[in-house]
Structures are given as C-alpha cells and as structure tokens.
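The sequence lines fix the lettering, A, B, ..., with proteins before strands; numbering per chain opens at 1.
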Protein chains: 2
Amino acid sequence: MNQPQQQETRAPVNHRILVVEDEGEIRQLIRYNLEREGFTVEEAADGAAALARIRRRAPDLIVLDLMLPGMPGLELCRQVRADPEIASLPILVVTARGSEVDRVIGLEMGADDYVVKPFSPRELVARVRALLRRAGHATEPTSDGLYERGRLRIDFDTYQVWVEGERKALALREFELLRFFVQHPMRVYTREQLLDMVWGRDTFVEPRTVDVHVRRLRQHIERDDANPRLILTVRSVGYRFDPSALD
Amino acid sequence: MNQPQQQETRAPVNHRILVVEDEGEIRQLIRYNLEREGFTVEEAADGAAALARIRRRAPDLIVLDLMLPGMPGLELCRQVRADPEIASLPILVVTARGSEVDRVIGLEMGADDYVVKPFSPRELVARVRALLRRAGHATEPTSDGLYERGRLRIDFDTYQVWVEGERKALALREFELLRFFVQHPMRVYTREQLLDMVWGRDTFVEPRTVDVHVRRLRQHIERDDANPRLILTVRSVGYRFDPSALD
DNA sequence: CCGCTTAGTAACATTTCCGTAACAAAACTT
DNA sequence: AAGTTTTGTTACGGAAATGTTACTAAGCGG
C-alpha cells in the first residue's frame, strides 16, 4: 500500500524563513537545522521586530514561538493575517507540549501548522517543507470571525453555527472539526491527519472515533444525512469537505 | 487470518522495536507493555550493542534510555542520525525528569519524542504508535497537484478523476495505478514491477491480478474499452501508458 | 490451420472499510 | 451527589473493494 518514499531533494529554491523566538538557544538550534537544509534564515527576537521586518521584506515562511515577550505570539499572528499584503504568509507555530489552549488558539488565529516543544529537528524541517510546498494553495484565511456561505453560517468568535438560519448547538469537538474542514476545503484528510490537527498531535484517540464525530457533524449540517454532500467520504482514504455544495 | 471475530488489536504490521536500556527491570517493563500491544521487541543493553544490531537489521523504531553506561545515549542517537542508511529511524527517548536535560534531548540530538520516568505504560505505547504512524507517511500525505491533459483530468489532492468532464469513481487501487502510469508514461512495466511500485514491495499478490485492475481502470478511462489507446498491452512483457493518445 | 502461450473477462470468494447504534467514561451543571 | 452533556470506544452488518481463478479470446510461430 505504501509507495516507496523518494529521497527528498535539497531545497531547490532558497526560501527565506523568519524565525521569531526569544530564547537564543532555541533560535540557534532552529537556525542551524534550517540552514543545514539549505534555507536562508532571518531572526527576530520579538513580535514587534518581526512585524517590522516582514513589512520591509516578507519572508516565505514564519516560524513563530508562542511564548514571546511583549507582544504575545498570537498577536503577531493576528496582525499578519489582518494585513492583506502579507496575510497569506505561511506560519508555523512552535508551542509547548500539552498546552491545548495554544494549539487551538494558534490554529484559530490562522497559524497553518504547529510543532510541540521539545520538537525533533527532523519534524520541524519536514513541516516547513510541507508548508512551503502547499504555499500556493492558500487555505481560506478565516482569521476574521465569520464564515458565511449558502445555507451555512459560522461565527468563530462566539462558537455559533446556523444552518438555514436555524441555530445549531454543536459540541466543542464538532465545532473544531467543522472549523478545520471549512478552513481546509476540498482536500482529503486521513483520520490520522484530522486527529493531529483537530485533536492535537499528542492526544491518543482511536482513528475510528473520527467517524463518529463526522457523523454527528453531518447530522447537524447535512441536508440529507443519508446522502452527505458537504463532508464526503473518500473510501479507504479519509474525508473531504466540499463547500460548493452549499450554494 | 480468517477467524470469525478476533479481538482487533491495533498492529496491522508486526513492528519491530529495539529497546536500548541497561536497567533490566525497566527493560522488562517496557518489553512487557510493547509485546502486549502486538509489537516485536528486541533488546540491547548498551549503545554499542544497539548500533551493531541496528546495522545488521534495522528495527522500525528505537526506544532509548538516556542513562546508558559506556556510550552515552546521546552518542548513539547522533551516530544513527549520521548514517544515511538508518538516519530516518524514529527514536523515542526515555529520560528522567529534569528541565535542562529535556531540552537537550529534544533539541540537540534529533530524537523524535520522549517520555519522562516514571512513565505510564499507556503513554509509552501511545507515543510509540504515534511515531510509527508518522514514520509511515513521513514526507507528506499525497503528492500535490493536478494532472490535466486532453480529456483526462486528475486531482491528486482530492482523489478525483474526470474523463471528458465527467466524474469517475475510481477505487483506491485503480487510482494509485493510474497515478503511477501518469507519472511514468511511455515506459513498459512488468506485472511484477507494477506490484512492487503500486501495491508495495512486501505484498504478495498474483501477477495476474494486475490484469484485472488494468481492465477495471480501462473501463473507466478508455474511450473504446475493446481497443485501448492509453494503457497498452505489451505482449509477454507488461503494460505501458501512452498519454499522447489523450490529445 | 494447429498448437502453444499470453491476455481479457466474468464470476466468485475474501477482505476491508464505513455508518451506525449502543454503551462507557469523562466533564460539566445544578 | 445526581443528572446532563460531551466525548471516546466498540461491535455489528452491509457495502464496496480487492484478489483469485476458470474459462475464453487473441496473438504468434510453425
């Protein structure tokens, strides 16, 4: 079933990566590993400096530590997303393990992916690569609080959902799952990927549990629960959200 | 393999795990818990032995205690990473609590994850699973992209295929086979090669099964199923994909 | 035209996968 | 503490995918 992985070639283009991190030691480490892979690394010690630098010349990707002094990392995240000029910049968040809040909020603020500390350099590099690769395919930047399309309406700030004008009471997980789907439309995700992104990378839940939540979500948002149009099953792969069915 | 209802334990493949740990007691504990979950466990008492064993036959994952006599755990870790043959082996570190140490582990040596002593068996197993899971699709879930030529259109992200604008529902194998053909045009492949590349090297399937899948694929994408133009039979050799017939 | 080899096809058997409901456990409320 | 909601796990059954095989058709060399 698994195709033999091809050996990844070194970074073909010299991508510029901005590392926003106050602890010098970790910054060094990140820099070392990224440079070894052929990336060009710039540094910023805090959010304000980072923002200035970005405005002067935008990098290809930002690696952002969430525990920043002064401007909390999230604020930087939000500001980047708020500025149309740079809103599509991929952001990789570095966060401490187990801080559920950071993860959820990070993704909520519009971070594109995250790694937990202490992280393995390999994983960091892999995720940077993955983000750069799909940088073109921008996901819908839903950092502002409202999503509205066809018969679906979501307020991310107040955690409210309406279907055909009718208010639905979603449980938190259902809501987070919906959020993820809405922000990553069309592409197929495996159960494992969904667990990583919605539940968190270091929680351990059975993959089939995803099915159950998908079902519950479908019951809320699908017109005909027996023939799903929005959350589609891709057999032996995973699930896919197709917003075009909303119109 | 065909018992009516066997308790399904998660472990489709019997992963081999090397435990590097000098304290016999802890080693036993780790072994017991991993084996109970269906893993095959091998042991090594110190870094040198471990390295020899790995070179002889690489396991799927290493569980490494940091306080090893002789070669410090760090050194083993480094050596593994230095050898391209085995550099991609996932390493799970077991360590005593201590903030300083933790950081060094995660950051400097390229372990992939860690647990602190005393650890709960459940957590250990969970982290082992998570690492193995990620090692599987190490690079990225799918090769990004869109293929479009003549009357054929393939979206590799969403696993969708259109022929003459009409959506076709391919099964996964059919899709993977098509993917392979599209990515390796013109050249002839034997059934055995196709099995290796599409099914995977360690699956054991009758070569003639390829015929059946080729047929099913043809039914989807060929204009005249009786006179194939795209997937051509090369008698007594194999099959060949000719995209020029698409125009 | 014959005989041999190889590929195409359909039918069948087996396996895998998913939707679902029911239950259990955990988290919250009151 | 009892009740309520949310969340995760599991077993079951049906459906789809996959693999095997037997039979048929086609190619090919004489």
For residues 216-247 of chain A, the ring pair (Phe, Tyr, Trp, His ring centres under 6.0 Å) pairs (sequence neighbours left out) are none
Could you state the atom-to-atom distance from [atom1] of [X] to [atom2] of [N] in whole Å?
X         : N       : atom1 : atom2 : result
Leu170(A) : dT6(D)  : CG    : C1'   : 12 Å
Leu217(A) : dC18(C) : CG    : C1'   : 17 Å
Tyr159(B) : dA17(D) : OH    : P     : 15 Å

Tell me, please, which residues at least two apart from [X] pass salt bridge (charged side-chain N to carboxylate O under 4.0 Å, His left out).
X         : value
Arg216(A) : none
Glu43(B)  : Arg27(B), Arg31(B)
Asp155(A) : none
Arg223(A) : Glu164(A)

How large an angle, rounded to 10°, do the end axes of the helix from dC1(C)-dG30(D) to dT30(C)-dA1(D) enclose when each is built from five base pairs? 30°
Can you give one letter per nucleotide of nucleotides 19-30 of chain D, going 5' to 3': B for a protein heavy atom under 4.0 Å from the base, S for sugar-phosphate only, - for none? BBB----BS---
Looking at residues at least two apart in the chain, or sitting in another chain, which of them share a side-chain hydrogen bond (donor to acceptor under 3.5 Å, both in side chains) with [X]?
X         : value
Glu123(A) : Arg127(A)
Asp242(B) : Ser244(B)
Glu42(B)  : Arg16(B), Arg53(B)
Arg149(B) : Asp247(B)

Could I get a table of every N or O pair under 3.5 Å where one atom is in the protein and the other is in nucleotides 28-30 of chain C?
none

By nearest-nucleotide position on DNA chain C, the 5'-leaning member of Thr233(B) and Arg215(A) is Thr233(B)
No-hydrogen, no-angle side-chain donor-acceptor test under 3.5 Å, Arg218(B) and Thr233(B): yes
